[in-house]
2 protein chains.
Amino acid sequence: MTNEPQESAGNEQASSVGLVETRYARLFDSPNELLLENGKRFGPVTVAYETYGELSPQKDNAIFICHALTGDAHVAGRHLPTDEKPGWWDEFIGPGKGLDTNRYFVICANVLSGCKGTTGPSSADPETGKPFALKFPFVTVGDIVAVHSQLVRHLGIEKLLSIVGGSLGGMQTLEWAARFPEQINSVICLAAAAKLSAQGIAFNAVGRRAILADPNFHEGSYYDQEKGPTFGLALARMVAHITYLSEISFENKFGRKLQHSERPAYELLKETEFEVESYLHYQGQRFVERFDANSYLCLTHAMDYFDLAAAYGSLEKALGRTNARILIASYTSDWLFPTAQSLKLVEALIAQRKHVTFLELASSKGHDAFLLEIEQLVEIVQPFLEQTYASVRDRAEHGDN
Amino acid sequence: MTNEPQESAGNEQASSVGLVETRYARLFDSPNELLLENGKRFGPVTVAYETYGELSPQKDNAIFICHALTGDAHVAGRHLPTDEKPGWWDEFIGPGKGLDTNRYFVICANVLSGCKGTTGPSSADPETGKPFALKFPFVTVGDIVAVHSQLVRHLGIEKLLSIVGGSLGGMQTLEWAARFPEQINSVICLAAAAKLSAQGIAFNAVGRRAILADPNFHEGSYYDQEKGPTFGLALARMVAHITYLSEISFENKFGRKLQHSERPAYELLKETEFEVESYLHYQGQRFVERFDANSYLCLTHAMDYFDLAAAYGSLEKALGRTNARILIASYTSDWLFPTAQSLKLVEALIAQRKHVTFLELASSKGHDAFLLEIEQLVEIVQPFLEQTYASVRDRAEHGDN
């Protein structure tokens with residue numbers, strides 16, 4: 001769920017989608033407001049999105065990427081030639097890459113209640129002209145998917161070739177498959193689950209507590225204040241970041257190495273004695289520069305509340321609604337969404353006689369592996385998409401779409 | 001590392017050590033100040049301790065208990081008949097219990113830099129009459145053990161039958177065996193390791209960050225303020241508490257159960273929607289009532305810095321110094337001190353031809369299992385102590401002590 005995949009050293013230019021721009025769609029205008037899961041209506045919604053590649057004349061090659069907790073629509077390429085880094089999954093998306101933009105039309109949109117262009121707590125409330133702050137409605141994974149689904153229709157696409165996502169993005173793919181099964185031909189669900197574990201909720205609760213108790217939180221109305229709840233948000237990120245790595249990746253990256261010297265300083269106030277401390281502090285600081293605390297509250301709540309079985313009666317009922325081809329992958333060292341949780345999805349899909357492929361991928365990188373282990377991801381995603389595309393075209397030729 | 005083992009339902013009275021009191025020893029008076037690992041001298045040190053049972057005429061039946069991060073000297077019995085709860089390991093210690101006070105003389109002392117009677121940051125600095133606060137010296141596990149070792153000599157005991165500890169207490173037993181090998185006949189080291197993992201340091205760093213950034217921290221000089229860093233300390237406890245349980249124990253205890261209703265409230269500011277959130281908040285609140293934030297900083301630092309191999313050149317060199325019988329136990333669901341770390345101790349001991357017994361105990365209760373799974377602990381500790389005691393008496397009879 002970090003957004004800094006290691007850049008590939010190779011010929012980046014040739015395999016890059018190049019310069020891209022974020023576009024904006026205005027959806028759910030009155031009287032067609034979005035009906036939220038909490039029963040209220042909400043609109044309009046501005047959706048920030050990016051696309052790469054060309055939509056085929058048959059409009060059958062579109063792949064939608066669902067981003068994770070703190071991601072955004074800028075998934076590949078650069079906005080400016082001077083951008084230090086490309087989009088957050090650039091290594092995976094581009095000409096000849098895992099999601100090959102020579103073949104596929106790739107879409108990614110920022111989630112509802114986010115802070116990267118799509119309407120969220122930091123957006124202006126049309127009624128007051130001021131940021132919604134905590135007047136922003138409580139949003140669920142279902143609501144997020146409803147917005148994305150509408151964006152796809154807005155782009156003139158009837159049926160997606162695939163939806164792809166990891167972590168909270170993976171939860172979105174599952175919800176999408178259950179909620180709008182007519183809209184998708186395949187699902188690629190990485191490092192995710194049908195619900196968050198109690199331990200996962202506990203970590204999110206700690207992060208929210210840090211934000212809510214920050215004296216600069218001002219009940220969420222900090223936008224016109226000199227300082228927002230940066231301490232709380234940084235702390236929330238620090239604790240979350242630990243859950244994105246694995247014990248072994250911490251050992252490999254840092255072990256017990258000291259930051260500045262060979263010998264310990266023996267200072268009680270020193271916060272960056274060990275390299276791992278310094279790293280976590282840095283992650284926290286960087287995060288507050290790019291993320292809104294209210295969005296963090298909204299999106300961790302959405303993650304906690306997601307419960308596919310509860311929403312549809314059972315996992316079998318939820319996943320029985322789709323006929324999409326489904327690829328599920330977990331990672332050996334992911335302890336936030338362990339393999340056992342992926343297997344529950346697989347069992348439900350098999351019980352429903354669905355087309356499911358499952359892989360547990362070996363990685364020491366923990367939950368973040370889905371962002372970092374690109375090579376092995378490409379190896380499974382490329383043939384999966386090719387087979388899906390072939391079967392879609394085959395069915396279209398035989399008038400059986 | 002929580003201090004609330006489940007009380008046994010049985011006949012508590014008959015197997016209780018009954019009413020006990022905390023005593024105080026004043027050690028390291030000038031000019032015999034304690035030489036700390038950071039090279040400075042410190043004294044005097046008041047040590048709070050409790051004892052249960054009777055010291056044998058041969059003074060060969062004493063067992064010292066090393067408490068964990070936030071424990072204290074009050075390990076069994078009650079101070080007052082009206083006390084709601086007995087000492088923190090009461091289920092394990094008493095007449096006929098695991099540490100049988102009919103046979104053994106049990107000692108437990110609060111650690112140096114703690115806040116339960118032994119000199120620590122909240123104690124009065126003799127020079128100023130005010131609390132040391134962060135003028136308190138940086139303390140290591142070695143320093144903690146040096147104080148306990150001196151207490152044992154102060155009590156007129158030349159050699160302990162055993163030292164017992166879990167978690168940070170287990171680290172103390174290892175350090176003691178390496179530092180004062182002449183003082184101990186056996187070691188019972190539970191849920192511990194020769195060093196904390198980078199992931200463990202990371203969790204401690206988050207907790208310290210929460211305390212240090214609390215606006216009521218006042219650089220540690222909060223004792224005369226209206227309010228101390230209670231928010232930060234509670235948050236530190238919340239995140240630490242997650243590491244003391246296991247994913248499965250969270251699932252078993254709470255799962256995704258809601259606290260107050262069948263249906264979610266969909267409220268952004270609600271902090272106790274799920275039972276697990278409510279539980280963590282309660283743990284945090286309870287903790288600040290009983291613990292000092294500066295002590296928490298000192299003791300988590302001591303834990304982070306502990307590195308037995310680095311201190312003695314290698315694990316083999318450290319553990320090669322002792323001829324004590326050693327019992328090491330880990331717990332299957334303990335992810336803070338996983339079995340792999342215990343096995344490193346065992347390998348070093350075997351390489352040094354030492355007497356070592358190792359067990360991985362099955363438990364779903366995570367790191368806290370050493371406080372909670374008393375029955376299986378008794379089963380291994382009782383025979384281990386009996387054999388140790390028999391061999392000690394045997395050697396004494398043959399003039400070979």
Side-chain angles (χ1 to χ4, degrees), chain A residues 37-38 121 134 136-138 140 195-199 201-203 205-206 208-210 212-213 215 219-220 231 234-235 238-239 241-242 245-247 250-251 253-257 264-269 271-277 279-281 284 294 297-298 301 304-305 307 310 335 338, chain B residues 37-38 121 134 136-138 140 195-199 201-203 205-206 208-210 212-213 215 219-220 231 234-235 238-239 241-242 245-247 250-251 253-257 264-269 271-277 279-281 284 294 297-298 301 304-305 307 310 335 338:
Chain A
E37 278 203 72
N38 72 2
L134 291 191
F136 199 80
F138 196 103
T140 66
K195 61 184 178 186
L196 189 61
S197 69
Q199 191 186 56
I201 295 173
F203 280 117
V206 169
R208 285 193 294 264
R209 176 83 194 132
L212 293 175
E219 299 274 297
F231 148 64
L235 200 79
M238 286 171 71
V239 67
H241 198 87
I242 300 176
L245 273 57
S246 68
E247 195 205 343
F250 267 112
E251 269 332 294
K253 258 187 173 193
F254 310 107
R256 300 176 49 82
K257 285 198 290 281
Y266 294 122
E267 283 174 27
L268 274 174
L269 282 175
E271 282 200 78
T272 54
E273 175 80 314
F274 292 95
E275 276 191 11
V276 62
E277 291 181 285
Y279 170 79
L280 276 186
H281 281 266
N294 285 332
L297 294 178
C298 289
H301 270 303
D304 288 1
Y305 273 74
D307 190 341
W335 57 284
Chain B
E37 277 204 72
N38 71 2
L134 290 191
F136 199 79
F138 196 102
T140 65
K195 61 185 180 186
L196 189 61
S197 68
Q199 190 185 57
I201 296 173
F203 280 118
V206 169
R208 285 194 294 264
R209 176 83 194 134
L212 293 176
E219 299 274 297
F231 147 64
L235 200 78
M238 286 170 71
V239 67
H241 198 88
I242 300 177
L245 273 58
S246 68
E247 194 204 344
F250 266 111
E251 269 330 296
K253 259 184 171 194
F254 310 105
R256 300 176 49 83
K257 286 199 289 282
Y266 294 121
E267 283 174 28
L268 273 176
L269 282 175
E271 283 200 76
T272 54
E273 174 80 315
F274 292 95
E275 277 191 11
V276 62
E277 291 181 288
Y279 170 80
L280 275 187
H281 281 266
N294 285 333
L297 293 179
C298 289
H301 269 303
D304 289 1
Y305 274 73
D307 190 340
W335 56 285

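Below, chains carry the letters A, B, ... as their sequence lines are ordered, and counting in each starts from 1. Keep in mind that what you see is a predicted model, and the values were worked out from it rather than measured.
- Most heavy-atom pairs under 4.5 Å with chain B: of the set A:Phe136, A:Phe231, A:Phe138, this distinction falls to A:Phe138.
- In terms of non-hydrogen atom pairs under 4.5 Å with chain B, the most contact-rich of A:Met238, A:Arg208, A:Arg209 is A:Arg209.
- The backbone N or O of B:Glu275 lies less than 3.5 Å from no partner atom in the side chain of B:Arg256, so there is not a single donor-acceptor pair.
- Between chain B and the options A:Lys257, A:Glu273, A:Lys253, the largest number of non-hydrogen pairs under 4.5 Å is found for A:Glu273.
- Interatomic distance, CG of B:Asp304 versus CD of A:Glu277, reported as 6.0 Å (0.5 Å rounding).
- Proximity to chain A involves both the backbone and the side chain of B:Tyr266, based on heavy atoms less than 4.5 angstrom apart.
- When heavy atoms are compared at a cutoff of 4.5 Å, B:Tyr305 approaches chain A by way of both its backbone and its side chain.
- Considering every non-hydrogen atom in both A:Leu235 and A:Ala210, the closest pair reads CD2-CB, 3.8 Å.
- B:Trp335 has its ring centre less than 6.0 Å from the ring centre of B:Phe203.
- A distance-only check finds a donor-acceptor pair linking the side chain of A:Glu251 to the backbone of B:Ala198 [under 3.5 Å].
- Across A:Asn38, A:Leu134, A:Ile201, A:Val239, the residue that shares the most heavy-atom pairs under 4.5 angstrom with chain B is A:Ile201.
- Heavy atoms of B:Pro121 lying under 4.5 Å from chain A are absent altogether.
- Contact of B:Ser246 with chain A is made through the backbone alone, with heavy-atom distances under 4.5 Å.
- In terms of non-hydrogen atom pairs under 4.5 Å with chain A, the most contact-rich of B:Leu280, B:Val276, B:Val206 is B:Val206.
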- Task: Check the pair B:Tyr279 / B:Phe254 against side-chain contact (heavy atoms from CB on, under 4.5 Å), numbers first and verdict last.
- Result: CA-CA 9 Å; B:Tyr279 170 80; B:Phe254 310 105; 3.1 Å; yes

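- Contact of B:Asn294 with chain A is not made at all, since no heavy-atom distance falls under 4.5 Å.
- Within the 4.5 angstrom heavy-atom criterion, only backbone atoms of B:Glu267 (N, CA, C, O) approach chain A.
- Ranked by heavy-atom pairs under 4.5 Å with chain A, the first of B:Leu196, B:Thr140, B:Leu297 is B:Leu196.
- You'll find the side chain of A:Glu247 reaches within 4.5 Å of the side chain of B:Pro338, heavy atoms only.
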